[in-house]
Amino acid sequence: SVLALTAFGTGSAAALGTHASTARANSAASAAYTVGAPGSGDPYFPYDGNGGYDVLHYDLALRYAPPTDPAALVGKLSGIATITLRAKQNLQSLNFDLRGLDVTSVRVDGKAAAHGKSPGNGSAEWSQKQDDANRFWELTVGLLPKLREGKSTTIIIEYGGNTGRPLDTTGALYGWVTTADGAMVVNEPDGASTWYPVNDDPQDKATYSFHITVPEGKTAVANGLADGRPRTKAGWTTWSWEATDPMSSYLATATVGDFTLANDKGPHGLPIVNAIDAGVTGPALAETKASLALQPQMIAFLEGTFGRYPFESFGAIVDDDSVDYALETQTRPVYSQVADEATVVHELGHQWFGDSVTPSDWKDIWLNEGWATYIEWLWAEHQGTATIPAQFADAVSYLDANDGWTLNIADPGRDELFAAPVYLRGAAALHALRTEVGDKAFFAGARLWLNRYKNSTATTADFEAVMEKTSGRSLTTFFDEWLRQGVRPATPQLQAELP
Ligand code: ARG
Ligand code: ZN
């Protein structure tokens, strides 16, 4: 590009850009065809995601039989995944992440591939390798003809097996969690591969179609909007859902249970679909219904602060207590046992902060949890239940009392992704930032962040740059102290709020 600059010194920047990318495409076209990497480079999860391609759309036709023995918690899942993708480099093979399920057939652009040993050597074979110790769960698909950079292909993978109760690296249940009445499906951070072949990289957003076939009487709920009425044939019912907003794989769900669906409407006619499991009863059910009834008001409040709700629909899936946390699955968060008001506004806040604008790498997780926690504070203040200074002071007290300042929340480590300081120090940092730069620059920064990176991913450095832009200040020292240093920052302007 230095040469290009000399040669086209009188051209506009835009013309240079066009020329440079044409040159790049031309040289890539003649470049060798290589294997797609088995990982996409996240430092915490080296074999998650894959290299060399970008998924455009997943069509997942799943058939699921919940456990017959409620004590054993083993279900049967089979699927046909139709994956449309575009090559980002010249590819002779590519990988998908798939964990604990067996592939039975692969077709590439309609042509059957054979199960074989050397998919990477210019053959059309496919093979599977599962290595739990190294967290290496890969399906490799050879491509013949080879796939040229920029070209799209459709790969159809049939697979299946028994489902169980997968654990993340911290020992928490996630992924396709088999429950007595179905499955509770919550993927964060890397549980998607427990139920479909996936490029499990938050940076590779795609649209999804779901067709989930379950025994008649069961309900399957996924992201987006229902595509027609469920269809029943010979004792099996198929539930179809379409998610047309680009989505990271950790935000997909296809939860199955004894759900009752209820429709509601948010601002501007936004469709809201809520699903509550029959296992949610008594006071938990009453509290859940009261919180879910507030969703339209919560959306209106957050739209006033952060701009338009980013997706086509919203709602909740409230399952039993199989998993002890909630997740901001896109358009339709999943809750365990009860949806309390603070958690509902937290998961709603994630639709802007996390789902629309997603961390580029897992180490940037505070951008999700700090904002969602701060949104809980904003809502509580709006409702008149607690002021922001009081909630900030509580968070600081908690962090003081629990050694909470030693964790660098801008790179907390793989097994501290969801540690309390990621949430509380994150929210405290945002409030300190607001105090430092003023409301105008702070909220303008939030909106610039949401607009600039909508349906995309971004890093902590990107966030710092946005806030420096709207405040006109250098914030290097500020962010270093509030996110990274191992001690509580000096907070002259916040002293009055501290205990
Ligand atoms: N992001 C979720 C939340 O909103 C937490 C997910 C926890 N995941 C886990 N595997 N422990 O708080
Ligand atoms: Zn959260």
Side-chain angles (χ1 to χ4, degrees), residues 42 44-45 48 99 135 164-177 183-195 200 202 223 247-253 255 291 295 298 302 306 310 314-319 321-359 361-380 391 395 398 407 409 412-430 457:
D42 189 283
Y44 293 177
F45 301 98
D48 284 356
R99 171 176 170 189
R135 305 182 61 74
R165 310 260 290 173
L167 300 176
D168 68 17
T169 61
T170 71
L173 286 166
Y174 81 148
W176 190 279
V177 179
M184 180 166 170
V185 182
V186 281
N187 300 334
E188 192 181 27
D190 68 339
S193 62
T194 66
W195 58 285
D200 199 12
N223 315 84
M247 176 165 77
S248 297
S249 44
Y250 80 93
L251 297 168
T253 190
T255 291
S291 314
Q295 289 177 135
M298 291 171 173
L302 293 184
F306 298 112
F314 190 58
I317 302 171
V318 189
D319 207 337
D321 62 356
S322 305
V323 172
D324 62 4
Y325 58 85
L327 184 66
E328 62 269 25
T329 36
Q330 190 161 302
T331 68
R332 193 134 310 115
V334 175
Y335 304 84
S336 304
Q337 179 121 50
V338 65
D340 64 90
E341 187 178 326
T343 306
V344 171
V345 81
H346 176 112
E347 307 310 341
L348 173 63
H350 274 311
Q351 305 303 308
W352 284 261
F353 296 95
D355 294 11
S356 175
V357 181
T358 305
D361 286 311
W362 285 107
K363 67 178 158 57
D364 299 309
I365 187 72
W366 83 275
L367 291 166
N368 284 7
E369 301 309 342
W371 269 111
T373 304
Y374 195 60
I375 282 166
E376 290 181 51
W377 298 2
L378 290 170
W379 175 253
Q391 296 177 89
Y398 177 92
L407 191 69
I409 62 166
R414 186 191 70 179
D415 296 341
E416 303 294 329
L417 280 174
F418 307 108
V422 172
Y423 293 70
L424 295 176
R425 186 176 181 168
L430 291 170
T457 58

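Just follow the structure's listing: the first ligand is 1, and inside any ligand the first atom is 1.
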Check each atom of ligand 1 against the heavy atoms of [X] and keep those under 4.0 Å away; list them by number with element.
X: Glu369; answer: 1 (N), 2 (C), 3 (C), 4 (O), 12 (O)
X: Asp168; answer: 9 (C), 10 (N), 11 (N)
X: Glu347; answer: 3 (C), 4 (O)
X: His350; answer: 4 (O)
X: His346; answer: 3 (C), 4 (O), 12 (O)
X: Glu328; answer: 1 (N), 2 (C), 3 (C), 4 (O)
X: Leu327; answer: 1 (N), 2 (C)

Inset, instruction - Assert yes or no for the condition that the ring centre distance of Trp362 to Tyr250 is strictly below 6.0 Å. - result: yes
For [X] versus [Y], what's the shortest heavy-atom pair and its separation?
X: Pro310; Y: Gln351; result: CG-O, 3.4 Å
X: Arg135; Y: Thr169; result: CZ-CG2, 3.4 Å
X: Pro412; Y: Leu407; result: O-CD1, 3.6 Å
X: Ala252; Y: Thr329; result: O-CG2, 4.0 Å

Legend entry - Test of proximity, Thr170 against ligand 1: N or O pairs below 3.5 Å: no
Legend entry - Test of proximity, Tyr174 against ligand 1: N or O pairs below 3.5 Å: no
Inset, instruction - May I ask you to identify the nearest protein heavy atom to atom 1 (N) of ligand 1, giving residue, atom name and distance to one decimal place in Å? - result: Glu188 OE1, 2.6 Å
Would you say [X]'s side chain and [Y]'s backbone share a donor-acceptor pair under 3.5 angstrom?
X: Asn187; Y: Asp190; result: no
X: Thr358; Y: Thr457; result: no
X: Thr373; Y: Glu369; result: yes

Inset, instruction - Pick one of side chain, backbone, both or neither for how Ala372 approaches ligand 1, counting any non-hydrogen atom pair under 4.0 Å. - result: neither
Legend entry - From the candidates Tyr423, Phe418, Tyr325, the one that places a heavy atom nearest atom 12 (O) of ligand 1: Tyr423
Inset, instruction - Could you tell me how the ring of Trp371 sits relative to the ring of Phe353: parallel (under 30°), tilted (30 to 60°) or perpendicular (over 60°)? - result: parallel
Inset, instruction - Not counting sequence neighbours, which residues clear salt bridge (Lys or Arg N to Asp or Glu O under 4.0 Å) with Arg414? List them please. - result: none
Legend entry - Results of salt bridge (Lys or Arg N to Asp or Glu O under 4.0 Å) for Asp200 - residues two or more places apart only: none
Legend entry - For Tyr335, all residues meeting ring pair (Phe, Tyr, Trp, His ring centres under 6.0 Å), sequence neighbours excluded: none
Legend entry - Cut-off under 2.8 Å, centre the Zn ion (ligand 2), protein N/O/S atoms: His346 NE2, His350 NE2, Glu369 OE1
